[in-house]
Amino acid sequence: MTTIVSPENLVYSRPRGLTEAVEHYCPGCTHGVAHRLLAEVLEEMGVLERAIGVAPVGCSVFAYNYINCDFLEAAHGRAPAMATGVKRVLPDRIVFTYQGDGDLASIGMGEIVHAAARGENITVIFINNAIYGMTGGQMAPTTLPGMKTSSSPNGRDVEAQGYPIRMAEMLSTLDGAGYIVRRSLHDPANIRKAKKAIRTAFETQKNGLGFSMVELLSTCPTGWSQTPVDALGWLEEHMIPAFPLGDYKISEAVAALKI
């Protein structure tokens with residue numbers, strides 16, 4: 001039986017916040033899920049036309065192909081610095097960065113920490129897949145102890161290479177941060193929670209309440225040498241215990257928004 005799709009029964013369509021470009025990401029990568037959530041939130045808030053994204057180096061750099069708003073490309077790790085300049089010059093715009101863990105937590109560590117410490121009124125979408133995805137699957141600052149990568153074939157040795165950095169926990173200690181949370185993209189229930197968090201982060205910025213960041217646990221099936229389905233299970237079994245989901249800082253002013 002053929003189902004006729006009409007405005008009355010249409011429940012799923014491409015949001016205006018996404019371009020018509022076909023996404024290039026590896027099968028099972030959840031960057032595409034994050035893109036859709038961003039696009040939906042910006043459209044639903046009515047701020048798509050005044051949103052400005054900043055994409056740095058890494059898989060995240062291609063966000064400008066798919067999210068239908070103005071975009072700038074920053075040098076590796078420097079997206080928070082560029083976003084700071086844009087927001088200060090154009091305070092009426094909604095300014096956000098879209099960054100991976102290799103970018104944000106390694107070469108960009110100085111930028112993200114000081115942007116949060118200054119309370120810059122920008123929003124950061126942080127994709128944490130515990131690996132350098134674009135450049136060959138090397139160990140990242142977020143790689144789990146014992147996790148095998150192309151540059152740690154025997155597994156991450158914490159005695160030699162240290163422990164993974166938990167960015168949400170660290171940035172939540174800074175006075176300038178208004179909203180810091182961690183969510184996941186591994187199943188529909190958590191994806192819905194991630195969307196609500198992204199909306200709250202942008203509302204934090206819209207109301208001038210300081211720095212906001214949503215960390216999203218994401219999969220990298222290619223870098224992890226797993227199938228897309230196995231990667232979702234691995235994220236739930238291994239990444240969530242290492243990077244617990246939750247609200248790490250919600251200022252009183254943000255809580256008062258009651259989003």
Side-chain angles (χ1 to χ4, degrees), residues 25-35 37-38 55-63 76-77 79-80 97-109 111-113 124-172 180-187 190-191 193-194 197-198 213-246 248:
Y25 300 111
C26 300
C29 172
T30 40
H31 267 297
V33 176
H35 287 358
L37 297 183
L38 266 170
V57 175
C59 293
S60 58
V61 70
F62 296 109
H76 203 185
T97 72
Y98 185 87
Q99 300 178 257
D101 49 284
D103 173 84
L104 179 143
S106 183
I107 192 171
M109 177 63 80
E111 278 73 10
I112 197 68
V113 168
V124 174
I125 307 301
F126 171 38
I127 307 297
N128 179 1
N129 57 20
I131 205 167
Y132 279 89
M134 173 180 277
T135 56
Q138 296 91 345
M139 185 179 68
T142 50
T143 297
L144 307 186
M147 182 176 174
K148 294 182 179 180
T149 72
S150 62
S151 60
S152 59
N154 295 319
R156 180 172 188 161
D157 180 356
V158 296
E159 292 187 5
Q161 296 140 355
Y163 291 88
I165 298 173
R166 295 180 176 88
M167 293 303 302
E169 288 88 332
M170 182 170 68
L171 295 181
S172 69
I180 306 286
V181 301
R182 181 183 291 125
R183 300 289 187 263
S184 180
L185 302 175
H186 72 283
D187 63 23
N190 282 282
I191 289 170
K193 292 176 182 177
I198 292 170
M213 185 184 81
V214 178
E215 178 177 344
L216 298 173
L217 300 186
S218 185
T219 61
C220 183
T222 299
W224 296 353
S225 300
Q226 298 179 14
T227 68
V229 173
D230 287 345
L232 293 172
W234 195 90
L235 187 159
E236 185 174 14
E237 294 172 19
H238 298 278
M239 286 194 68
I240 291 177
F243 298 101
L245 306 181
Y248 286 90

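Remember, it's a predicted structure, so these values are computed and weren't measured experimentally. Just so you know, these numbers use all the heavy atoms, side chains as well, and skip hydrogens, waters and symmetry mates.
- In this structure, Arg156 and Ala140 approach most closely via the heavy-atom pair NH1-O, 3.2 Å.
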Derivation of the side chain to side chain contact (heavy atoms under 4.5 Å, CB included) call for Thr143 and Gln161: CA-CA 10 Å; Thr143 297; Gln161 296 140 355; over 6 Å; no
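- No donor-acceptor pair closer than 3.5 Å links the side chain of Thr219 to the backbone N or O of His186.
- Considering CD of Glu236 and CG of Leu217, their distance stands at 11.0 Å, rounded to 0.5 Å.
- The shortest side-chain heavy-atom distance between Tyr248 and Met213 does not fall under the 4.5 Å cut-off.
- Rounding to the nearest 0.5 angstrom, the gap separating the CD1 atom in Ile131 from the OG atom in Ser225 is 7.5 Å.
- Note: His31 and Tyr25 have parallel aromatic rings, judged against thresholds of 30 and 60 degrees for the angle between ring planes.
- Distance alone, capped at 3.5 Å, is enough to place a donor-acceptor pair between the Thr149 side chain and the Met139 backbone.
- Between the Arg183 side chain and the Ile191 main chain, no donor and acceptor come within less than 3.5 Å of each other.
- Minimum interatomic distance between Leu235 and Ser184 (heavy atoms only, all atoms of both residues): CD2-OG, 3.2 Å.
- Residues Leu144 and Pro164 share a closest heavy-atom pair of CA-CG, 4.5 Å.
- Listed here is the closest heavy atom pair of Trp224 and Ala231: CZ3-O, 3.5 Å.
- Between Ala130 and Thr142, the closest heavy-atom pair is CA-OG1, 3.2 Å.
- Side chain of Asn128 to backbone of Leu216: no donor-acceptor contact under 3.5 angstrom is found.
- Without hydrogens or angle criteria, Thr30 side chain to Val33 main chain gives no donor-acceptor distance under 3.5 Å.
- Atom CD of Glu111 sits about 9.0 Å away from atom CD of Gln99, to the nearest 0.5 Å.
- How far SG of Cys29 is from NE2 of His35: 8.0 Å, rounded to the nearest 0.5 Å.
- Taking CG from Asn129 and CE from Met239, the interatomic distance works out to 7.0 Å, rounded to the nearest 0.5 Å.
- The shortest distance between side-chain heavy atoms of Ile240 and Leu245 falls below 4.5 Å.
- One distance of note links CG of Leu185 with NZ of Lys193; it measures 13.0 Å at 0.5 Å rounding.
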Evaluation steps, side chain to side chain contact (heavy atoms under 4.5 Å, CB included), between Leu171 and Val113: CA-CA 7 Å; Leu171 295 181; Val113 168; 4.1 Å; yes
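- In this structure a side-chain-to-backbone donor-acceptor pair under 3.5 Å is missing from Asp101 to Phe126.
- For Arg182 (side chain) and Pro244 (main-chain N/O), a donor-acceptor pair under 3.5 Å exists by modelled atom type.
- Ser60 and Gly100 make their closest contact through OG-N, 3.8 Å (heavy atoms, listed as atom of the first residue, atom of the second, distance).
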Evaluation steps, side-chain hydrogen bond (donor to acceptor under 3.5 Å, both in side chains), between Ser106 and Tyr132: CA-CA 10 Å; Ser106 183; Tyr132 279 89; 3.2 Å; yes
